[in-house]
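Here the structure is laid out as structure tokens; the discussion comes afterwards.
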Number of protein chains: 2
Amino acid sequence: MATPKIEEFTNEEIFLADIAKALSHPARIKIMKLLSEMNACVCGEIVNLLPLAQATVSQHLKELKRVELIQGDIDGPKVCYCVNVNTLQKITKDFQNYFNNLNKGEKISCKPKMK
Amino acid sequence: MATPKIEEFTNEEIFLADIAKALSHPARIKIMKLLSEMNACVCGEIVNLLPLAQATVSQHLKELKRVELIQGDIDGPKVCYCVNVNTLQKITKDFQNYFNNLNKGEKISCKPKMK
DNA sequence: ATCGTTCATCGTAAATATACGATAAAGAAA
DNA sequence: TTTCTTTATCGTATATTTACGATGAACGAT
């Protein structure tokens with residue numbers, strides 16, 4: 001046993017996984033797209049653009065807010081959502097980095113007889 | 001109700017979400033990193049580099065295999081895993097595209113008085 | 001043939017995620 | 001005020017995920 005069993009994940013690994021989790025549902029992928037196309041959008045409009053009930057969409061918005069990918073601005077009885085530009089730029093950079101590093105490997109694949 | 005309720009998600013939305021799901025756990029983020037750094041790696045080595053039991057790691061490897069981010073080559077009693085370069089290149093491009101489009105918006109944030 | 005190693009799968013427990021109707025809260029409109 | 005609209009939250013059902021020990025299958029070594 002040359003390599004000692006590792007004890008924890010790094011903060012970076014946890015962070016990237018958490019962002020990936022926030023984007024791991026088609027509804028949330030779409031909400032991000034919608035908000036960036038429309039710059040901002042009230043909740044009700046988003047609900048109409050998704051094949052889901054209002055309560056469910058509200059949950060998905062909450063998950064995106066959790067990682068600060070979006071923010072909501074209360075506007076009378078409505079809530080206007082928009083992309084959080086700071087977070088978006090950070091994760092864009094972080095994932096570009098991550099993918100770039102993944103692509104750096106020598107790409108010597110094992111024999112391709114897949115299990 | 002100007003916008004008719006949408007019925008389904010697009011294949012692209014489903015695909016991106018599915019890849020994000022495959023990367024939504026620190027162990028799987030790390031496995032991809034390890035495999036790309038080492039080019040290839042037998043399962044047992046991966047188990048030693050993660051704070052998880054062998055059965056659990058095997059499950060995570062299965063999830064990465066499901067979306068074809070990695071492949072396994074049976075080598076006697078061992079299994080040698082490596083990154084699937086084709087898939088990696090595809091998703092790198094797809095996510096770069098997705099993030100680029102997200103960043104294209106006019107970035108007029110709603111008033112930042114958050115909920 | 002038997003044994004040890006390696007890894008996937010099974011069984012299972014606990015936690016988390018997804019979905020929706022119902023309700024509550026908050027403001028606009030009457 | 002009363003009512004309507006909008007949205008978050010509650011309650012709840014179901015499904016999926018995560019984790020691990022135990023077992024089984026495949027192979028190399030003895």
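Values below: all heavy atoms of this structure, side chains included; hydrogens, waters and symmetry mates excluded. Reminder, nothing fancy here: chain letters follow the sequence lines and each chain counts from 1.
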Listed in order of residue number, which residues of residues 13-23 of chain B have a non-hydrogen atom at under 4.0 Å from DNA chain D? K21(B)
Most 5' of R66(A) and V79(B) on DNA chain C, judged by nearest nucleotide: V79(B)
Mark yes or no for whether S24(B), through its side chain, and K21(B), through its backbone, hold a donor-acceptor pair below 3.5 Å. yes
Could you tell me how far apart K78(B) (NZ) and dG4(C) (C1') are, to the nearest whole angstrom? 13 Å
Give the cluster check for L50(A) versus V42(A): same hydrophobic cluster or not, with ILVMFWY residues linked at side-chain heavy-atom distances below 4.5 Å. no
Integer-rounded Å distance: dT7(D) C1' and K65(A) NZ: 9 Å
Distance below 4.0 Å between R28(A) side-chain N/O and dT18(C) OP1 or OP2: yes
Does Y81(A) have a side-chain nitrogen or oxygen under 4.0 Å from the phosphate oxygens OP1 or OP2 of dT6(D)? no
With under 30° as parallel and over 60° as perpendicular, where do the rings of F95(A) and Y98(A) fit, or are they tilted in between? perpendicular
In whole angstroms, the gap separating C1' of dT18(C) from CG of L61(A) amounts to 14 Å
Do the side chain of N84(B) and the main chain of T87(B) share a donor and acceptor less than 3.5 angstrom apart? yes
What string of B, S and - do you get for nucleotides 19-30 of chain D, 5' to 3', if B is base contact, S is sugar-phosphate-only contact and - is no contact with any protein heavy atom under 4.0 Å? BBBB----SS--
Under 4.0 Å between any heavy atoms, over every strand shown, what does V42(B) touch: base, sugar-phosphate, or nothing? Just pick one. sugar-phosphate
Determine yes or no for a side-chain-to-main-chain donor-acceptor pair under 3.5 angstrom, with R28(B) supplying the side chain and L23(B) the backbone. no
Nucleotide dC7(C), atom P - distance to CD1 of I70(B) in whole Å: 13 Å
Donor + acceptor pair across side chains of T92(A), N103(B) (<3.5 Å): yes
Determine, for Y81(B) and K65(B), whether the Lys NZ or Arg CZ falls below 6.0 Å from the six-membered ring centre while staying within 45 degrees of the axis. no
To the nearest angstrom, the CD1-P distance between I31(B) and dT18(D) comes to 11 Å
What integer distance in Å separates K62(B):NZ from dT18(D):P? 13 Å
With salt bridge (Lys or Arg N to Asp or Glu O under 4.0 Å) as the test, pick out the partner of K30(B) among E8(A), E12(A), E13(A). E13(A)
Lys NZ or Arg CZ of K90(A) over F15(A) ring: under 6.0 Å, within 45°: yes
